[in-house]
Amino acid sequence: MESRILFTCILTGMLLRKSCGQNSATEVLNCCEGDILFLLDSSGSVSSYEYSRMLGFLSELLLPFSLGEDQVRVGLLQVGTQPRLEFGFDAHNTQSGLQGALGNTKALRGDTNTEEALRMAKDWVLKPGGPGGAREELPRVLVWLTDGVKPGDVIGPMEKLREEGVAVLVISTGHGNYQVLRQVVTPPVESHLYFVDIDHMSIITEDLRDAIIEILWAERLQVRDVSTNSAVLQWRPVLAGLTGYYDIRFGPAPSGGVVGGGAGGPGTSPSTSGGQYQRLTRPGDSSTARLTGLKPDTIYTATLTPESNLQVLNPLSVTFTTKPEVLSPAVVTVSDSEANSVRVSWGPLQPESVQSFQVEYSALPGGKLHMTTVGRGQNSTMLTNLQPDTQYLVTVSARHSYGQERAMSVKVCTEEVRPDLADLRLTTVGSDSVQVDWKASMDGLRGYWLTWEGQDGHGSTTAQRSSFYLPPNLLSTRLTHLPPATRVCVSPVYRTTRGKGLCCTAQFHSDASAWGHRS
C-alpha cells in the first residue's frame with residue numbers, strides 16, 4: 001500500500017514538473033504587439049463536440065504568445081442570436097488567465113447572427129482608442145471561426161473592417177462558400193483562409209500562428225545612429241515596472257552574417273557565444289544602449305536578453321553593418337577666390353588619426369610647385385601670391401597616424417585683374433550732344449560698355465535710353481540727340497565679367513551751356 005502511494009506521488013510530481021516546464025517554455029514568444037479578436041461561432045449549428053474542439057484549437061494557437069499592454073492582447077466575441085463579448089482586450093495579461101477563461105467559456109446557441117457580431121466588432125471592440133477597445137497605431141486582427149452554415153451577409157461588414165485597417169482571417173470547419181469567404185479575408189488568401197475538418201484543426205495551428213505573427217510582428221530591437229565605430233541599440237522597455245535588467249552582447253558576425261551559426265526566426269535569436277563579443281548590462285527601465293569600439297565596414301550581430309525573475313522573455317537580435325571609414329580628405333572645396341589668392345578647405349578633420357595636412361599647388365600647365373604644411377586641427381588655408389586669371393592644380397594630402405596617406409586634388413581658377421575706370425568726363429557739344437572721355441588701364445580689358453538714359457526734372461528715368469559696346473582701344477566717344485537731362489555710364493568689360501563703372505549726368509539749357517559731373 002505504501003509503495004503504491006509512493007509511486008502515485010512520484011508520478012504526480014513528474015507530471016507537475018513537466019507541465020510547469022511546458023508553461024514556462026511557451027510564454028517566451030516576445031515577438032509581437034497588437035490586438036486579436038476571435039469571432040467564434042457558438043450558434044445552434046455548432047455541436048458541443050465541435051465547440052470544444054474549437055476552444056481547444058484557440059488554446060493551442062495562443063499559448064506561445066506573450067500577453068500584456070506592450071505585447072499581444074486577445075478578445076473573444078461569440079456569435080449567437082444575441083452576440084456576446086466573452087472577454088475584452090484588457091481582461092487577461094497572463095497565459096494562465098487566458099487559458100482559464102477559454103476553458104470556462106460556454107456556447108450561446110441560437111441563430112448565427114454574424115452581422116450583429118461584426119457591427120459590435122467594428123463600432124466597439126476593434127475601434128481604436130475607445131473604452132476597452134483596440135490600441136491606437138497598432139495592428140488589429142479579426143480571426144473568424146465558423147462552421148460555414150448560414151453565415152449571413154458578411155461581405156459588406158467585413159469590407160468596412162478591412163477598409164479601417166483590420167486584417168481578417170477565416171477558418172471554416174464545414175462546407176462554407178469559398179467564393180464568399182475569399183472575398184472576406186485580407187490578402188493573401190492562401191495564408192488567411194483555411195478549410196479544415198474539425199478533428200484535424202491542429203494541422204493548421206502553426207500556419208495560422210505564423211500568419212498572425214507576420215501581421216503583429218514588432219520591431220522591438222532597432223539600430224540607429226550607425227557610424228564607423230559605434231551604433232545605438234533601441235528597444236521597447238519590456239521590463240518597465242519589473243525587477244530585472246538587460247543583458248547585451250554584440251560582436252562581429254562570421255561569414256553569413258550570423259554570430260553563433262544559427263539564424264533567428266520569430267521569437268528566437270542567434271547566439272553570440274562561440275565568437276568574440278562585448279557585453280553590456282542596462283537597468284530594466286532603460287531603452288537604449290550605445291555600442292562602441294566597433295570596426296568600420298563590419299557586419300555585427302547584437303543580442304539583447306531581458307532578465308527578470310517575474311517573467312520569461314526571449315532574447316531579441318539584430319544584425320547591422322557599420323559605415324566604411326572615410327579617410328580625410330574626402331572632400332576639397334574652394335572659396336574666396338581673388339586675383340592673387342584663394343581659400344582651400346577640406347574634410348573631415350579627423351584630428352584623432354591625422355598627423356598633418358600638406359597642400360601642394362602649381363599653375364597649369366607646368367608651373368612651379370609650391371607646398372605648405374597645415375596642422376591636424378585645421379581644415380583650410382589661404383593660398384596667396386598667385387597669378388591672376390590662372391588655373392591651378394591644388395592637392396591636399398593627409399598623413400594618418402597609422403602610416404596611411406590619402407590625397408585629393410581640385411582645379412581652381414584665380415580671378416582676372418579688373419581695374420576700375422580712373423576718370424569720366426562729359427563735355428557738351430551744342431544743345432543735345434556730349435563728348436564722353438575716360439581713363440583706364442589697358443591690361444586685361446576686352447572693351448567698354450556705355451549706357452545712357454534720359455531723366456526728367458526729378459531725376460527719374462524716362463523711356464529714352466541706349467547701350468552699346470566700344471573696343472578697348474577707344475577712350476572717348478560722342479553722343480548726339482540726347483534728352484535735356486541724360487545720365488551716361490561707362491563700364492570696363494573683362495573676359496569673364498563686367499567691371500565697376502562710372503556715371504555722369506549731363507544737362508542742357510536753352511543758352512547752349514551745359515555741364516557734367518560724376519556720380
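The first residue in the sequence is number 1, and the count goes up from there.
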Under the criterion salt bridge (charged side-chain N to carboxylate O under 4.0 Å, His left out), I'd like the reasoning laid out for Arg162 against Glu159: C-alpha separation, chi angles, the key distance, then a yes or no.
CA-CA 5 Å; Arg162 295 197 309 273; Glu159 182 180 4; 5.2 Å; no
Taking Arg109 for its side chain and Val46 for its backbone only, find out whether a donor-acceptor pair lies under 3.5 Å.
yes
With Leu369 via side-chain contact (heavy atoms from CB on, under 4.5 Å) - residues at least two apart:
Glu360, Ser362
Is it true that a side-chain atom of Glu164 and a backbone atom of Leu161 form a donor plus acceptor pair closer than 3.5 Å?
no
Could you tell me if the side chain of Leu221 sits less than 4.5 Å from the side chain of Leu233, heavy atoms only?
yes
Give a yes or no on this: more than 12 heavy atoms of other residues, nucleotides or ligands lie within 6.0 Å of atom CD of Gln391.
yes
Stepwise side-chain contact (heavy atoms from CB on, under 4.5 Å) test for Leu108 and Val79:
CA-CA 7 Å; Leu108 297 181; Val79 179; over 6 Å; no
Atom CG of residue position Asn309 - does it have more than 12 heavy atoms of other residues, nucleotides or ligands inside 6.0 Å?
no
State whether a side-chain donor-acceptor pair under 3.5 Å links Gln355 with Arg399.
no
In this structure, are over 12 heavy atoms from other groups packed under 6.0 Å from Glu206 atom CD?
no
Is it the case that Gln78 and Glu86 place a side-chain donor and acceptor less than 3.5 Å from each other?
yes
Side chains of Ser202 and Thr205: donor-acceptor distance under 3.5 Å anywhere?
no
Whether Phe87 and His92 hold their rings parallel, tilted or perpendicular, with breakpoints at 30° and 60°:
perpendicular
Thr114 side chain to Thr112 side chain, donor-acceptor N/O pair below 3.5 angstrom
no
Arg343 and Ser335: side-chain donor and acceptor closer than 3.5 Å?
no
Is there side-chain contact between Tyr246 and Asp285, with at least one heavy-atom pair below 4.5 Å?
no
Given side chains that start at C-beta, do those of Phe320 and Leu291 come closer than 4.5 Å, heavy atoms only?
yes
With no hydrogens and no angle check, is any side-chain donor or acceptor of Thr322 less than 3.5 Å from a backbone partner on Lys295?
yes
Please check this pair: side chain of Thr303 against backbone of Ser317, looking for a donor-acceptor N/O pair closer than 3.5 Å.
no
Please identify which of these residues, Asp147, Asp197, Asp199, meets the side-chain contact (heavy atoms from CB on, under 4.5 Å) condition with Thr173.
Asp147
Could you tell me if Ser356 and Thr373 have a donor-acceptor pair between their side chains, going purely by distance under 3.5 Å?
no
Is it true that Arg249 and Asp247 make a salt bridge, defined as a side-chain N closer than 4.0 Å to a carboxylate O?
yes
Does Arg135 form a salt bridge (charged side-chain N to carboxylate O under 4.0 Å, His left out) with Asp35? I'd like the steps, not just the answer.
CA-CA 7 Å; Arg135 291 167 291 183; Asp35 297 322; 2.9 Å; yes
Apply side-chain contact (heavy atoms from CB on, under 4.5 Å) to residues Ile198 and Met54 and explain how you reach the verdict.
CA-CA 8 Å; Ile198 194 67; Met54 287 183 177; 4.1 Å; yes
Assess whether side-chain contact (heavy atoms from CB on, under 4.5 Å) is satisfied between Val318 and Tyr300, documenting all intermediate values.
CA-CA 8 Å; Val318 65; Tyr300 279 85; over 6 Å; no
Check whether any side-chain heavy atom of Val226 sits under 4.5 Å from a side-chain heavy atom of Val232, and report yes or no.
no
Do Arg282 and Leu280 have side-chain heavy atoms sitting under 4.5 Å apart?
yes
Using side-chain heavy atoms (C-beta onward) and a distance below 4.5 Å, is Val396 in contact with Gln358?
no
Which of Leu61, Leu142, Leu77 passes side-chain contact (heavy atoms from CB on, under 4.5 Å) with Phe38? Answer is Leu61
Tell me if the CD atom of Gln82 is crowded by more than 12 foreign heavy atoms within 6.0 Å.
no
Side-chain touch Leu169/Val141, heavy atoms, less than 4.5 angstrom
yes
Is any side-chain heavy atom of His192 less than 4.5 Å from a side-chain heavy atom of Ile215?
yes
